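So the structure is just underneath, and the comments pick up after that.
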Amino acid sequence: MSVQLEAPPAVKRWWRRPWVAPLALVVAAFLVYSVPPYLTLDPAQARVPAPPGFAAHYWFLVAHILFGTIAIVGVILQIWPWLRRTHPVLHRRIGRVYVFGGAIPSALMALSIALSSPFGPAAGVLNVVAALLWLGFTIAGFRATRQHRYADHRKWMIRSFAMTMNTLLSRVYAPIAFLALGPHYSGMETLMPAAATLSGTLSLFTLLLVSQWWLDRKPASAR
């Protein structure tokens, strides 16, 4: 009687996700640059000017940034294949922190200040759309895992991850927007809102398209 041995399950090597480590470094550099001025709780050091008549804007902004910091650190840990594979319990706990201590409160704080954007109404509407997408994707992903629909959970959380990167990517696009639009505007008063709207639009559509491409691509075994 012959004994058939089952092949061990395929293990994803670290080089199958070569972008995770560089992305973590980019996120770390972004946080080191962006967060410290708000840790002082000094409105004079804010990089986003408060609109007239909205005294609480600064505090909503600080809450958005601090919750967003938890979200972006948490989501980097969540996409780390080694952590998901070897520590599933920790993966679930970090996921709850990401949802309830990061993404949802940060998105709600973003909604509270979005329409008061100092960069104009178009940028404000864009911020509302991005915050609603982040909030909706995150809640849908959490509901899916509670209902044991793990394939749907993965899809929604990939989209939530994409929206977590929105602020970072818009900052990357900002210099490009300034260079592209600069010759067409005579002063910073008009250039700033246009560049903010363009960089935010490029960031939002890039993340939505790339996340959908990632979901639609064939798995490595099928390829």
Side-chain angles (χ1 to χ4, degrees), residues 12 14 16-39 41 48 59-114 127 129-172 200 203-204 206-208 210-212 214-215:
K12 289 186 180 297
W14 64 267
R16 299 286 179 85
R17 296 288 185 271
W19 49 269
V20 173
L23 178 61
L25 292 176
V26 170
V27 166
F30 172 72
L31 293 178
V32 167
Y33 171 77
S34 302
V35 175
Y38 297 95
L39 298 178
L41 303 181
V48 178
W59 302 108
F60 283 110
L61 177 64
V62 169
H64 165 64
I65 290 171
L66 295 181
F67 286 126
T69 300
I70 295 172
I72 201 169
V73 171
V75 85
I76 289 295
L77 293 173
Q78 290 298 86
I79 65 171
W80 188 9
W82 177 85
L83 184 67
R84 290 201 312 271
R85 186 178 66 251
T86 59
H87 300 283
V89 174
L90 182 60
H91 171 75
R92 290 194 294 271
R93 290 175 178 170
I94 294 174
R96 293 189 188 99
V97 173
Y98 166 75
V99 170
F100 296 108
I104 289 179
S106 185
L108 291 174
M109 293 300 102
L111 284 173
S112 69
I113 60 177
N127 290 338
V129 172
L132 288 174
L133 288 174
W134 193 18
L135 186 64
F137 292 160
T138 304
I139 292 174
F142 179 75
R143 288 187 60 191
T145 195
R146 295 293 294 175
Q147 297 168 357
H148 305 289
R149 295 183 288 111
Y150 297 114
D152 290 337
H153 165 74
R154 174 181 174 272
K155 293 177 182 178
W156 287 118
M157 295 314 286
I158 285 175
R159 296 182 179 113
S160 176
F161 156 73
M163 290 299 99
T164 307
M165 297 294 145
N166 186 47
T167 300
L168 189 158
L169 187 58
S170 68
R171 298 299 184 271
V172 173
S203 174
L204 186 61
T206 298
L207 291 168
L208 290 174
V210 170
S211 60
Q212 193 58 44
W214 183 268
L215 292 172

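Treat the numbers as computed from the prediction; the structure is a model and nothing was measured.
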Stepwise side chain to side chain contact (heavy atoms under 4.5 Å, CB included) check, Leu133 with Leu204: CA-CA 10 Å; Leu133 288 174; Leu204 186 61; 4.1 Å; yes
Side-chain heavy atoms of [X] within contact of [Y], under 4.5 Å:
{"X": "Met165", "Y": "Ile76", "answer": "yes"}
{"X": "Phe30", "Y": "Val35", "answer": "no"}
{"X": "Ser203", "Y": "Leu207", "answer": "yes"}
{"X": "His91", "Y": "Gln78", "answer": "yes"}
{"X": "Tyr38", "Y": "Leu66", "answer": "no"}
{"X": "Ile72", "Y": "Thr167", "answer": "no"}
{"X": "Phe137", "Y": "Thr164", "answer": "no"}
{"X": "Arg159", "Y": "Gln212", "answer": "yes"}

Heavy-atom closest pair, residues [X] and [Y]:
{"X": "Leu83", "Y": "Leu77", "value": "CD2-O, 3.4 Å"}
{"X": "Asn127", "Y": "Ala114", "value": "CB-CB, 3.7 Å"}
{"X": "Asn166", "Y": "Gly200", "value": "OD1-O, 4.5 Å"}
{"X": "Gly141", "Y": "Met157", "value": "CA-SD, 3.6 Å"}
{"X": "Tyr98", "Y": "Ala71", "value": "CD1-O, 3.3 Å"}
{"X": "Met163", "Y": "Ala130", "value": "SD-O, 4.2 Å"}

Over 12 foreign heavy atoms within 6.0 Å of CZ, Arg93: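 Counting neighbours around CZ of Arg93, 12 or fewer heavy atoms of other residues, nucleotides or ligands fall under 6.0 Å, so no.
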For the atom pair [atom1] ([X]) and [atom2] ([Y]), what is the distance rounded to the nearest 0.5 Å?
{"X": "Arg143", "Y": "Arg149", "atom1": "CZ", "atom2": "CZ", "value": "7.0 Å"}
{"X": "Leu108", "Y": "Leu135", "atom1": "CG", "atom2": "CG", "value": "5.5 Å"}
{"X": "Trp214", "Y": "Ile158", "atom1": "CH2", "atom2": "CD1", "value": "7.5 Å"}

Short side-chain to backbone donor-acceptor contact, Ser160 and Trp156, under 3.5 Å: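 Checked: no pair found.
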Stepwise side chain to side chain contact (heavy atoms under 4.5 Å, CB included) test for Arg154 and Tyr150: CA-CA 6 Å; Arg154 174 181 174 272; Tyr150 297 114; over 6 Å; no
Verdict with reasoning, Leu215 to Ser211, per side chain to side chain contact (heavy atoms under 4.5 Å, CB included): CA-CA 6 Å; Leu215 292 172; Ser211 60; 5.6 Å; no
Mutual orientation of the aromatic rings belonging to His87 and Trp82 [parallel < 30°, tilted 30-60°, perpendicular > 60°]: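 The rings of His87 and Trp82 stand perpendicular, inter-plane angle above 60°.
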Candidate pair Val48 and Ile113, rule side chain to side chain contact (heavy atoms under 4.5 Å, CB included), full reasoning: CA-CA 11 Å; Val48 178; Ile113 60 177; over 6 Å; no
